[in-house]
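What follows is a set of notes on a single structure, which appears directly below.
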Amino acid sequence: MCGIVGGVAERNIVPILLEGLKRLEYRGYDSSGMAVLDGQQQIRRVRALGKIKNLSQKIQESTEEFAGNLGIAHTRWATHGIPAENNAHPHICNNRVAVVHNGIIENYQELKAQQLDKGYRFTSQTDTEVVAHQIHYELTLLGESEDALLKAVQNALRHFKGAYALGVVAVNDPHTLIAARKGSPLVIGIGIGEHFIASDVSALLPVTQNFIFMEEGDVAHITRETVRIFDATGQIVERAVKQSTLTAHAVELGDHRHYMHKEIFEQPQAVIDTLEGRITQEHVLVSAFGHQAEALFATIERVQIIACGTSYHSGLVAKYWFEDIIGLPCQVEVASEYRYRNPAVLDNTLFVTISQSGETADTLAALQQVKNSKKAKNIPTLTICNVPESSLTRESDLTFLTHAGPEIGVASTKAFTTQLVALALLLTAIGKTQKHLSSKRETIIVRGLQKLPGLLRNALQHEDKIIELAQLFADKNSALFLGRGTMYPIAMEGALKLKEISYIHAEAYPAGELKHGPLALIDDQIPVVMIAPNDDLLEKLKSNLQEVKARGGQMIVFEDELSNIESEGSMQVVKATTNVGRITAPITFNIPLQLLSYHVALIKGTDVDQPRNLAKSVTVE
Ligand code: G6P
């Protein structure tokens, strides 16, 4: 997965493309590059290893001015070929065609063999280079005909298997940018006398608020004055221009040192925004899930949740809620397993995908597989997603948008919290539609959710204490996170956060499993983090805590005001919150774990917002 940006304008496009790349850096940051058509209508390219700032510096330092009115740029997360300058995009064929690509061309080896036979030379190990060569080859067949570049791209696309978002420029058509989308996201930004393309809206917010969301199979012919879009069958089509409600400011860092920190502190507001218009004083509005929701919810007998990473953890929390609170069977699975294991799909299952980006390739493929399967009847699909107009929202029968706002830090924080809010609303909506939830219970849940922003604000106030505790991890290589019930998936999320951003190995266990293996690990070199709310399982958790203590383990315990565990010896206890309910507890206890990972990462000096080897939106397998 990678980020692409491009544009055609009267002004110099280079600063716009650089700013766009910076805003897309979360999608990949192994290397980056840019190609423009200069005053002599020649393609000029700059590429650099590492972050966008390296590219920016190289452009500034270039001896000849690097400028142009038409250009494409790319930030890369390596799939085929190591991170290296020669593998960075744009890829150029014979100085005539330049291409940026997000996705994977699965049959590139076969195409490469054919192109080698035709005399094309390869300078990279990427799958993308075949795209540049194929377009060049199609152009030579078409000669000087009208719309040659458009037709060459359309013809080339017929040869590609896999996924792509593409930006293409060529010297024979120096005022045209061609864009194509299949399986990877791409938007067209509409300016005044200028047009742009990008992998997402945020990249273009400094230059426009108006966007066309390209659909599967679309190819766009873009000049300064016009945008013509052709669908997968080659027919010219009209696509609506939509206005983004996001402001350029929404993705700026403000006073925070990192996006992750900013996003952790935005959580109370993100919850308020996600609840707005979805609840009344006492009730959840079922129609918040779409006008067909009530009819669909009435027919379902079970829920299947599919997601990846942090989003998967929110699904795991919801499983406890669904089965415990409304007695509805709920299965949760990571998308990359589900899509390849020929699962038994039962009739009347609500198929729920959860995703911050709405573009995660495995989650999307699992959804498509279920939609195409004829194995079962009545499988309505719902996505809980943070990005409007994303692939998952288009492919699902029902959409619930979390209103977390743009999440830039690679480690997900506020998206997770709002996913949990969405799932709490979902369980209430289904429960009341199926009459498995009394009106009184519904009101208790709604009141709890209304209190949540305040609970999160209180939990955030423990940051100073957590900064102190983070020191315990400074010289450690491993950590263990323990919880029971819904705190088990929260422990998993805590361990994932620590791994992702501090590179400390961390594992989560249901505390009751300690005696079946992990107890053997305990010594003073492995800090143990326990989550101990005052719930039905507290007494059992206290026994687990003794088991660790007896073996000399160093412990951090997060409790609520009624848990009554006291700090002593190597055990440090933080009263992270007041008394919390069954739904608000996991959401609230996640906050200190986010802060802990963040501050450990600061001590370790890692790249918090863009940890090594990871990317925010995984649009490839
Ligand atoms: C990547 C990100 C995670 C995210 C996961 C799923 O691994 O680094 O933060 O949880 O993808 O992404 P999604 O957009 O589907 O929630």
Side-chain angles (χ1 to χ4, degrees), residues 1-3 24-30 77 79 102 183-185 199-200 202 258-260 263-264 270 274 305-318 332-339 352-368 382-396 399-402 404-423 489-490 492-503 590 593-594 597-598 601 606-621:
M1 112 221 65
C2 307
L24 290 175
E25 203 169 27
Y26 72 89
R27 298 177 67 89
Y29 33 84
D30 291 338
W77 186 75
T79 57
N102 169 31
S184 300
S199 298
D200 78 18
S202 69
H258 296 100
Y259 281 106
M260 185 182 177
E263 288 158 6
I264 288 174
T274 300
I305 297 178
I306 295 296
C308 300
T310 291
S311 299
Y312 166 65
H313 293 155
S314 74
L316 288 177
V317 173
V332 191
E333 193 166 335
V334 286
S336 54
E337 284 300 311
Y338 187 86
R339 67 179 283 199
V352 180
T353 52
I354 309 174
S355 174
Q356 189 288 126
S357 62
E359 301 295 347
T360 300
D362 285 325
T363 311
L364 191 56
L367 171 63
Q368 284 160 342
L382 161 70
T383 190
I384 293 174
C385 185
N386 197 38
V387 180
E389 304 294 339
S390 58
S391 300
L392 281 175
T393 65
R394 285 147 195 248
E395 300 247 351
S396 303
T399 292
F400 183 97
L401 288 179
T402 47
E407 193 182 62
I408 306 294
V410 164
S412 183
T413 52
K414 61 177 180 170
F416 177 72
T417 293
T418 54
Q419 286 165 356
L420 288 173
V421 169
L423 287 160
I490 292 301
M492 292 169 81
E493 176 55 15
L496 176 63
K497 284 285 94 75
L498 192 70
K499 273 190 279 232
E500 281 179 307
I501 61 168
S502 75
Y503 315 151
N590 185 47
L593 302 188
Q594 293 172 342
S597 297
Y598 175 75
T606 58
D607 191 341
V608 174
D609 283 333
Q610 294 173 343
R612 67 185 183 202
N613 307 338
L614 300 180
K616 178 125 196 95
S617 176
V618 185
T619 55
V620 294
E621 260 194 71

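Keep in mind that what you see is a predicted model, and the values were worked out from it rather than measured. The analysis underlying the following values was restricted to heavy atoms, covering all of them including side chains, and did not include hydrogens, waters or symmetry mates. Indexing begins at 1, ligand by ligand and atom by atom, following the structure's order.
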If only atom types and distance count, is the side chain of [X] paired as donor or acceptor with the main-chain N or O of [Y] below 3.5 Å?
X	Y	value
Thr418	Ala415	yes
Glu263	Ser412	no
Asp609	Tyr259	yes

> Under the salt bridge (charged side-chain N to carboxylate O under 4.0 Å, His left out) rule, what pairs show up with a residue in residues 407-418, not counting sequence neighbours?
Replying inline: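 For residues 407-418, and leaving out neighbouring residues, the salt bridge (charged side-chain N to carboxylate O under 4.0 Å, His left out) pairs sorted by first residue read Glu266-Lys414, Glu407-Lys616.
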> Does Glu500 have any salt bridge (Lys or Arg N to Asp or Glu O under 4.0 Å) partners at least two apart in sequence or in another chain, and if so, which?
Replying inline: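 Once residues adjacent in sequence are excluded, the partners of Glu500 under the salt bridge (Lys or Arg N to Asp or Glu O under 4.0 Å) criterion are Lys497.
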Which pairs of nitrogen or oxygen atoms, taken one from ligand 1 and one from the protein, are under 3.5 angstrom apart?
residue  : atom   : partner : partner atom : Å
ligand 1 : 8 (O)  : Ala615  : O            : 3.0
ligand 1 : 9 (O)  : Val410  : O            : 3.1
ligand 1 : 10 (O) : Thr310  : N            : 3.0
ligand 1 : 12 (O) : Thr360  : OG1          : 3.3
ligand 1 : 14 (O) : Ser355  : OG           : 3.2
ligand 1 : 14 (O) : Gln356  : N            : 3.3
ligand 1 : 14 (O) : Ser357  : N            : 2.8
ligand 1 : 14 (O) : Ser357  : OG           : 2.6
ligand 1 : 14 (O) : Thr360  : OG1          : 3.4
ligand 1 : 15 (O) : Ser355  : OG           : 2.6
ligand 1 : 15 (O) : Thr360  : OG1          : 2.5
ligand 1 : 16 (O) : Ser311  : OG           : 2.6
ligand 1 : 16 (O) : Gln356  : N            : 2.7

>> Test of understanding: with ring-ring contact (aromatic ring centres under 6.0 Å, His included), list the residues that count as partners of Tyr598, not counting sequence neighbours.
In response: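 With sequence neighbours excluded, Tyr598 shows a ring-ring contact (aromatic ring centres under 6.0 Å, His included) to His258, His261, given in chain and number order.
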